[in-house]
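Below: one structure, written as structure tokens.
Numbers here simply count residues along the sequence, with the first being 1.
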Amino acid sequence: MNQSLAASDDDEAMRERRCIVSGEVLSEDKLIRFAISPDGEATPDVAAMLPGRGIWVGATRAALNAAVKKNLFAKAAKSPVKVAPDLADRVEAQLVARMLADLGMARRADAIHLGFESVLRAIQSDAAPALLVQAVDGAADGKRKLFGAAHARGLKIQTIECLTAAELSLAVGRQNVIHAALKSGRLQQRLSFDAKRLSGFRTVAAATHERDE
């Protein structure tokens, strides 16, 4: 198993791969792996667990569309490759499913704060969270208040905004979830890792950043 993708261990251990579109050598949080199935189809492998030689593409719709348009999968595989017309949508769906599964795992492990008040208390505590997960379609006012609370304490908490409120709610089994927070750990690292890649495929506005203004 590729531990850097499956568990998203610390960034210093993250391996680098070459994108078949740009030719750049990039860290894996900026790439999507594809495997060629036995029947010759390009198959998204966001967890990097499928057997065989991987083909790596920059984690954006534009890069993937370029790979398809220029027939780069076949060139990289040195054989004919079938490409589904909805390949980019499949990548997005896999990334979303992985992130929702990790959020659900965090909820079952009681390792996540949910809701504005709970997240605010976590930010104000001695054990501040390492990651804020905010619904991309959530109201800006609550996000500003949480940023203000972190800023007042001199905290630079990574924030990801690439999932909708409906997706967050589905993941944790609660209605109308806009704000969540996780402490440092493997789930937090993997969510951050996948959010960086998902932001290149979402048609809604998305952001993955450290708020430190």
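One finds the CG atom of Leu187 at 5.5 Å from the CG atom of Asp102 (value rounded to the nearest 0.5 Å). Rounding to the nearest 0.5 angstrom, the gap separating the CZ atom in Arg190 from the CG atom in Leu131 is 13.5 Å. Taken to the nearest 0.5 Å, the CZ atom of Arg197 stands 11.0 Å off from the OG atom of Ser192. The CZ atom of Phe34 sits 10.5 Å away from atom CH2 of Trp56, with the distance rounded to the nearest 0.5 Å. Atom CD of residue Gln158 and atom CG of residue Leu182 lie 11.0 Å apart, to the nearest 0.5 angstrom. Asp29 contributes atom CG, which lies 10.0 Å from atom CD of Glu16 (distance to the nearest 0.5 angstrom).
For the pair Gln134 and Leu146, the minimum side-chain heavy-atom distance is below 4.5 Å. Between Ile55 and Arg33 the shortest side-chain heavy-atom distance does not fall below 4.5 Å. Counting only heavy atoms from C-beta outward, the side chains of Leu198 and Cys162 approach each other to under 4.5 Å. In this structure, Glu92 and Leu95 have side chains that are not in contact, with every pair of non-hydrogen atoms separated by 4.5 Å or more. Annotation: side chain of Lys30 is not in contact with side chain of Lys196 (no heavy-atom distance under 4.5 Å).
A salt bridge links Glu161 with Lys143: at least one charged nitrogen is closer than 4.0 Å to a carboxylate oxygen. A salt bridge links Arg61 to Asp89: at least one charged side-chain nitrogen sits closer than 4.0 Å to a carboxylate oxygen. Using a cutoff of 4.0 Å between basic side-chain nitrogens and carboxylate oxygens, Glu24 and Arg18 are not scored as salt-bridged.
In this view, Leu170 and Leu100 satisfy the side chain to side chain contact (heavy atoms under 4.5 Å, CB included) rule, not counting sequence neighbours. Contacts of Arg90 classified as salt bridge (Lys or Arg N to Asp or Glu O under 4.0 Å), with partners at least two apart in sequence or in another chain: Glu41, Asp86. For His113, the ring pair (Phe, Tyr, Trp, His ring centres under 6.0 Å) test picks out no residue, with sequence neighbours left out. Scored by the side chain to side chain contact (heavy atoms under 4.5 Å, CB included) test, Ala165 finds Ala135, Asp137, Ile178 as partners (sequence neighbours excluded).
Here the closest heavy-atom approach between residue Leu120 and residue Ala149 is recorded as CD1-CB, 3.5 Å. Of all heavy-atom pairs between Ala77 and Ile36, the closest is CB-CG1, 4.3 Å. Across all non-hydrogen atoms, the minimal contact from Ala74 to Val81 is CA-CG2, 3.8 Å. Contact detail for Thr43 and Ser37: the closest heavy-atom pair is OG1-CB, 3.8 Å.
Within the structure, salt bridge (charged side-chain N to carboxylate O under 4.0 Å, His left out) contacts touching residues 145-155 (residues at least two apart or in different chains) are Asp141-Lys145. Pairs of residues two or more places apart, or lying in two chains, never qualify as salt bridge (charged side-chain N to carboxylate O under 4.0 Å, His left out) while including a residue from residues 122-131.
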| Is there a side chain to side chain contact (heavy atoms under 4.5 Å, CB included) between Leu132 and Val119 once you walk through the steps? | CA-CA 8 Å; Leu132 296 183; Val119 172; 3.7 Å; yes
| said: Apply side chain to side chain contact (heavy atoms under 4.5 Å, CB included) to residues Met99 and Leu163 and explain how you reach the verdict. | reply: CA-CA 9 Å; Met99 291 184 70; Leu163 296 172; 3.9 Å; yes
| request: Would you check, one step at a time, whether the test side chain to side chain contact (heavy atoms under 4.5 Å, CB included) holds for Leu103 with Ile112? | output: CA-CA 8 Å; Leu103 287 166; Ile112 188 170; 3.8 Å; yes
| request: Could you go through the side chain to side chain contact (heavy atoms under 4.5 Å, CB included) check for Leu64 and Phe201 one step at a time? | output: CA-CA 10 Å; Leu64 184 51; Phe201 287 88; 4.0 Å; yes
